[in-house]
There are 2 protein chains.
Amino acid sequence: MTREEILELFDKRGVKLTPQRLEVAAILLEKPQHLSADQIIDRLRDTGSKVSKATVYNTLNLFGEKGIAREIKVDPVRRIYDSTRGHHYHFYNVDTGELEDIPVGAVELGRQPDLPEGTEPLGVDIIIRIKNRRN
Amino acid sequence: MTREEILELFDKRGVKLTPQRLEVAAILLEKPQHLSADQIIDRLRDTGSKVSKATVYNTLNLFGEKGIAREIKVDPVRRIYDSTRGHHYHFYNVDTGELEDIPVGAVELGRQPDLPEGTEPLGVDIIIRIKNRRN
DNA sequence: GGCGGCGTTAGACTTTGTCTAATCATCATT
DNA sequence: AATGATGATTAGACAAAGTCTAACGCCGCC
Ligand SMILES: [Mn+2]
Ligand SMILES: [Mn+2]
Ligand SMILES: [Zn+2]
Ligand SMILES: [Zn+2]
């Protein structure tokens, strides 16, 4: 994602532009990927950036709320942020910890169950757990 | 689940019986439910039990590995253990934090995507996020 | 009775993320 | 230009969940 596209996305989602938010977005939204807050901080440090830990967490929470990135719940010890915003599912390799995207079209989700009384749907998360085949 | 059934399950899954493990199992496996480690510790304390925090965590990890309970990844701040062992999916109410079981039959999972090279499947987790309808 | 192997335990410790209070930046008003 | 309001950023304290360590208990076996 280019700088221009990021600015456009911020604007469309009502996120005020700041240098720090742009730095975080430039790393996370660079390409389709799944990163933890800590990985993002490491990469910021690698590029010499001084954005604080608090701001990185604030920013990632904001990105999650505003739909600029997606928070994936797959590892109980850390939150993973997904730069791919469109609807999709995931493979989760328990051996490597890697996440891989599954396009919506690749899964056929037929019948959906009735929702509990007085609730409305927010979304469906599908995680297919896999492991390396030991030959 | 009765005490007898628990002993049988321990035996079948190769889990050595100890008083502490039985206490934890008696609480978690009593009925279909979703509990955090902290909730289990609270209930143990309520019944006057002195099982240590370390043993509760050890035991829940063991139960997870041995298939005596299922670990649900839905809330990044705490692990949830599910007493229902059979294959099923979940509603997750983001307003209340409640989990509700979805029987396998209620979801039609048609086409499954091709797995990444050199991997084999472990299982499919489906979480349907819902929220309370504000009228 | 002594030994070996687990399981349990208290409490220290680690990791992830949040909070607080101070500072900074931006913008509008005078 | 100064003032003030508002919101973002920051360092570091803090909180919460879970793991680790080292000591101790228990039990079966020699
Ligand atoms: Mn790091
Ligand atoms: Mn509690
Ligand atoms: Zn993804
Ligand atoms: Zn369940």
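Chain A is the first sequence line, chain B the second, and so forth, proteins listed ahead of strands; every chain is numbered from 1. No hydrogens, no waters, no symmetry mates; every other heavy atom, side chains included, goes into these values.
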Would you please confirm or rule out a distance under 4.0 Å between OP1 or OP2 of D/dT10 and any side-chain N or O of A/Thr55? yes

Could you work out, with side chain to side chain contact (heavy atoms under 4.5 Å, CB included) as the rule, every residue matching B/Pro121, not counting sequence neighbours? B/Leu115

Any side-chain N or O of B/Asn61 under 4.0 Å from OP1/OP2 of D/dT19? yes

Could you tell me the separation between the NZ atom of B/Lys73 and the P atom of D/dA17, rounded to a whole number of Å? 18 Å

B/Gln39 CD - D/dG18 P separation (whole Å): 11 Å

Would you call A/Glu23 and A/Arg21 a salt bridge, taking side-chain N to carboxylate O under 4.0 Å as the test? no

Whole angstroms only, please: what is the CG-P distance between B/Leu60 and D/dT19? 10 Å

What's the CD1-C1' distance between B/Ile72 and D/dA17, to the nearest Å? 18 Å

Round to a whole Å and report the spacing from NZ of B/Lys53 to C1' of C/dC13. 10 Å

N/O (side chain, A/Arg78) to phosphate O (OP1/OP2, C/dG17) under 4.0 Å: no

With a 4.5 Å limit on heavy-atom distance, are the side chains of B/Asp125 and A/Asp125 in contact? no

With the side chain defined as heavy atoms from C-beta on, B/Arg21 is closest, among C/dG17, C/dT8, C/dT18, to C/dT8

Of A/Pro76 and A/Lys50, the one whose closest DNA chain D nucleotide lies more 5': A/Lys50

Considering every strand and a 4.0 Å limit on heavy-atom distances, what is the contact class for B/Thr18: base, sugar-phosphate, or nothing? sugar-phosphate

In whole angstrom, what separates B/Ile80's CD1 from D/dA16's C1'? 14 Å

With a 3.5 Å cut-off and heavy atoms only, can you find an N or O donor on one side and an acceptor on the other between the side chain of A/Lys16 and the base of D/dT6? no

Report yes if a side-chain nitrogen or oxygen of A/Tyr57 is closer than 4.0 Å to either non-bridging phosphate oxygen (OP1 or OP2) of C/dG17; otherwise report no. yes

When the distance from CG of B/Leu17 to C1' of C/dT8 is rounded to whole Å, what number comes out? 14 Å

Compare side-chain N and O positions of A/Arg79 against OP1 and OP2 of C/dT18 and report whether any pair is under 4.0 Å apart. yes

Which of parallel (below 30°), tilted (30 to 60°) and perpendicular (above 60°) describes A/His90 and A/His34? perpendicular

Which part of the nucleic acid, if any, lies within reach of A/Asp75 when heavy atoms closer than 4.0 Å are counted: base, sugar-phosphate only, or nothing? nothing

Is it possible for you to say whether B/Tyr81 and B/Tyr89 belong to one hydrophobic cluster, with membership spreading through side-chain heavy-atom contacts below 4.5 Å? no

Selection from C/dT8, C/dA10, D/dT9 that lies nearest to any side-chain heavy atom of A/Gln20: D/dT9

Can you tell me how far C1' of D/dA17 sits from CG of B/Leu35, to the nearest Å? 16 Å

